[in-house]
Amino acid sequence: MTDTYMTSSEAYREIRRGARKQGAVIKAILFKDLRIRLGKGRLGLLWVILEPMTQMFVLSALWYLAGRQKIDGVHVTMFIATGIIPYMILKVGINKIHHSIKSNVSLFDYQQVKPIDALLAAFILNLVLILFASIALFFVLDWFFEVSADFPNIPEMLGILAVLMCFSLGIGLLISVYGVFYESLPRFCNIITKPLIFISGVVYSVNDLPATTREVLSWNPLLQFIAYVRHYVLGLDLIPEANFVYIGLISAVTLFVGCLSYYVNRLKLLQR
Amino acid sequence: MIKFNNVSKYYTTPKGRKYVLQDVNLTIELHQKVGVLGRNGAGKSTLMRLLAGVDIPDQGTITRTGSISWPMGLATGLQGMLTGRENAKFTCGIQGVGKRATDRKLKFVQDFSELGNYFEMPVRTYSSGMKARLNFALAMAFNFDFYIIDELTSVGDQVFRDKSRQVFEKKRAKCGFIKVSHNLDELRNECDSGLLLHAGQLTHYPAIDDAVNAYEKLPGSEAEHRKGKAKAELRAVQKEKAARIRAAKKAAAKQQPVAAENTTSVANATALSTTQASLPGQRPTMVNGKPSGTVQQPIVKPLAISSPRPHKPAPMMPRVVRKAAPDG
C-alpha cells in the first residue's frame with residue numbers, strides 16, 4: 001500500500017497489537033514445549049536443575065583433591081558456580097535452541113507462528129530453567145557449605161547478564177538459521193562448547209595464569225563476561241583486560257548479525 | 001477478499017525452475033465457495049499455503065482481507081507429542097483466546113471431533129481420519145471468513161462428512177471456503193465456482209461444473225484415464241474373440257481326420273473363414289444405433305462351432321451348408 005501512511009499513534013497501536021499477538025504465540029509455544037518436556041518424564045526437568053549442580057560438584061571436587069579450598073579468596077564451589085551460570089547462558093544460544101525450528105515446523109502452518117517465535121520461546125524457556133537451577137545452586141551452597149554471595153552490585157549484575165543474553169541470542173540465531181541450511185554447523189558448535197569451559201576461566205582464576213596467556217585468553221568474550229559476573233556477584237577484582245565496551249560491542253554486533261541473518265532468510269525457513 | 005496480483009511461485013530443481021503458479025491474477029470475493037481442481041503435484045497444497053498466508057510468493061503480491069483459517073490438511077498444525085486437548089489449547093493460545101473462551105472451545109472440539117478418550121492421547125497415536133477430525137473440529141471452533149481445506153474432507157467416514165457439511169450449511173451465510181478435493185461430486189454439490197490448476201496456470205471458472213468438465217478434459221486426467229481403460233478393455237475383448245476364432249479354426253482342422261468323409265464340415269470351415277475375411281470391419285459394429293443383424297449372423301455361428309464339442313454342431317449344419325452350398 002503506497003498511498004496510505006500511518007500516523008505515529010496508529011503505528012504505535014499497530015506495533016502494540018502485533019507485539020501482543022506475538023507474545024501470545026511465544027507464550028503458547030513456551031508452555032507447549034514445557035508440557036512436552038514434562039510429558040517425557042519429570043526426571044528430565046529435574047536433571048535440567050541438577051545438571052549445573054553436579055557439574056559444579058565434580059569440578060570443585062577436583063580442586064579439593066588437589067588440596068585447594070579457595071580461589072581468589074573465594075570458596076572453590078562458589079567460584080565455580082559463578083563461572084558455570086554464565087557459561088550455561090551462552091550454551092543455551094549455542095546448542096539449545098536450534099532444534100526448535102525443526103521440531104515446530106508443523107506449527108508454521110498457522111499464520112501467526114513464525115520460526116522466530118519458536119526460537120524465542122525455546123530461548124526464554126531455557127533461561128527460566130537456568131534461573132531455577134541458579135537459585136537451587138545458591139540455596140544448596142548456602143545450606144550445605146554455608147557460603148553465600150554478597151551481591152554488592154545487583155543492577156550492574158543484571159545488566160551484564162542481559163548483555164550476555166543478547167550475545168547468546170545473537171549466536172543462537174546465527175546457528176539456528178544457518179543450521180537449517182548446513183546441518184553440520186550445530187554439531188560443530190556443540191563440539192566447541194566442551195573446550196569453552198576450560199578456556200573461559202570457569203574452573204580456574206585467570207589471575208593464576210601468566211600475564212601473556214591471560215592477555216590472549218581475554219579476547220574470549222565469555223571469559224570477560226565471567227570476570228564481570230564474579231566482580232558484581234562476589235566483589236572480586238576485575239582482570240586488567242576487562243573492557244565493557246569490547247563485550248558490549250561484540251554482543252550488539254552478534255545480535256544484529258543474528259537478527260539480520262534471520263530477516264534475510266525468514267522466508268526460506270518457512271519452506272519445507 | 002483474496003487478491004492475487006501477478007503472483008508467481010516456483011521451486012528450483014536441478015533441471016531448472018518448476019512453476020507452480022506463473023503470473024496469476026485472481027480475485028476471490030468474500031463468502032465465495034471455491035473448489036480447487038488439479039492433478040497430483042500440480043501445486044494445490046502450495047496454492048492453499050499461499051492463500052492462507054503461510055507461504056510467500058516469489059513474485060507478485062497477495063492481498064488478503066478478512067480472517068483466513070490455516071490450511072486444514074492431514075498433517076498440518078498438529079504436534080504429535082501433545083494430546084488432542086493440548087493441541088486444541090495451543091491453537092486457542094496462538095489465536096489469543098481468553099481462558100474462559102478456551103474452555104468453551106475445548107468442549108466444542110471434544111464434542112465435535114467425537115474422539116472420545118483419544119482426545120487425551122498423543123496425536124501421534126491417531127489414525128489419519130482422527131487427525132483430520134481433530135483438525136477440522138479445531139478450525140470449526142473459530143469463525144473465519146475463509147476456510148482453507150486441503151483434502152481434509154476426503155478422509156473422514158460418511159457420518160463425519162455429513163456432519164461437516166451440516167456445519168458448513170449453518171455457517172454458509174457468514175463464511176466462504178476454498179477446498180481441494182478429488183471427489184468431483186462433492187465439489188459439484190458444495191462449491192459455486194472452481195479453480196483449475198494445471199501447468200502453472202490457474203484458471204477461474206465462475207461455475208463449478210465448467211471447472212470439473214475442464215478438469216476431466218485435461219490430458220492424463222481421471223476421465224481420460226477411464227476412457228483409456230475402456231479402450232484397452234475393448235481391445236482385449238476383441239483380441240480374445242479373435243483368439244477364439246483361431247482356436248475354432250484349429251479345432252476344425254483337427255477334426256478333419258476324425259470326420260474325414262464329412263466334407264461339408266471342411267467346406268463349412270472354409271466358407272466361414274471366407275465370410276470372415278470378406279467382412280472384416282463389420283463384425284461387432286452398430287449401424288445407426290441398430291445392430292447390423294445380417295452381418296452378425298455368420299459371426300455368431302462360428303463361435304458356436306468353436307466350442308470344443310465336435311459332435312454338437314450337427315444340427316446347425318444344414319443352415320450353414322445351405323449358405324455354403326453356392327460356393328461349393
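Every chain is numbered from 1 and lettered A, B, ... according to where its sequence line falls, protein lines coming before strand lines.
Counting heavy-atom pairs under 4.5 Å between each of Gly96(B), Ser69(B), Ala52(B) and chain A puts Ala52(B) at the top. Here Lys32(A) is the residue among Lys27(A), Lys32(A), Lys114(A) with the most heavy-atom pairs under 4.5 Å with chain B. When each of Lys89(B), Met81(B), Glu86(B) is checked for heavy-atom pairs under 4.5 Å with chain A, Glu86(B) comes out on top.
Of the atoms belonging to Val113(A), it is side-chain heavy atoms, and not backbone ones, that fall under 4.5 Å from chain B. Both the backbone and the side chain of Asn104(A) come within contact range of chain B, with heavy atoms under 4.5 Å apart. Both the backbone and the side chain of Ile29(A) have a heavy atom closer than 4.5 Å to some heavy atom of chain B.
Dense packing is recorded around NZ of Lys18(B), with more than 12 heavy atoms of other residues, nucleotides or ligands lying under 6.0 Å away. Shown here is Tyr118(B), whose OH atom has no more than 12 heavy atoms of other residues, nucleotides or ligands within 6.0 Å. For Arg17(A), the CZ atom counts as loosely surrounded, since its 6.0 Å shell holds 12 or fewer non-hydrogen atoms of other residues, nucleotides or ligands. More than 12 heavy atoms of other residues, nucleotides or ligands shown are found within 6.0 angstrom of CZ on Phe151(A). The local environment of CZ in Phe31(A) is sparse, with at most 12 non-hydrogen atoms from other residues, nucleotides or ligands closer than 6.0 Å.
Taking every heavy atom of both residues into account, Gly93(B) and Ala24(A) meet most closely at O-CB, 3.7 Å. Across Ala28(A) and Ile94(B), no two heavy atoms sit closer than the pair CB-CG2, 3.7 Å.
A 4.5 Å side-chain heavy-atom check between Gln112(A) and Gln95(B) finds at least one atom pair inside the cut-off.
In this structure, CZ in Arg49(B) is found 5.0 Å from CG in Asp109(A), a value given to the nearest 0.5 Å.
Not one N or O on the side chain of Gln79(B) forms a donor-acceptor pair closer than 3.5 Å with the backbone of Asp33(A).
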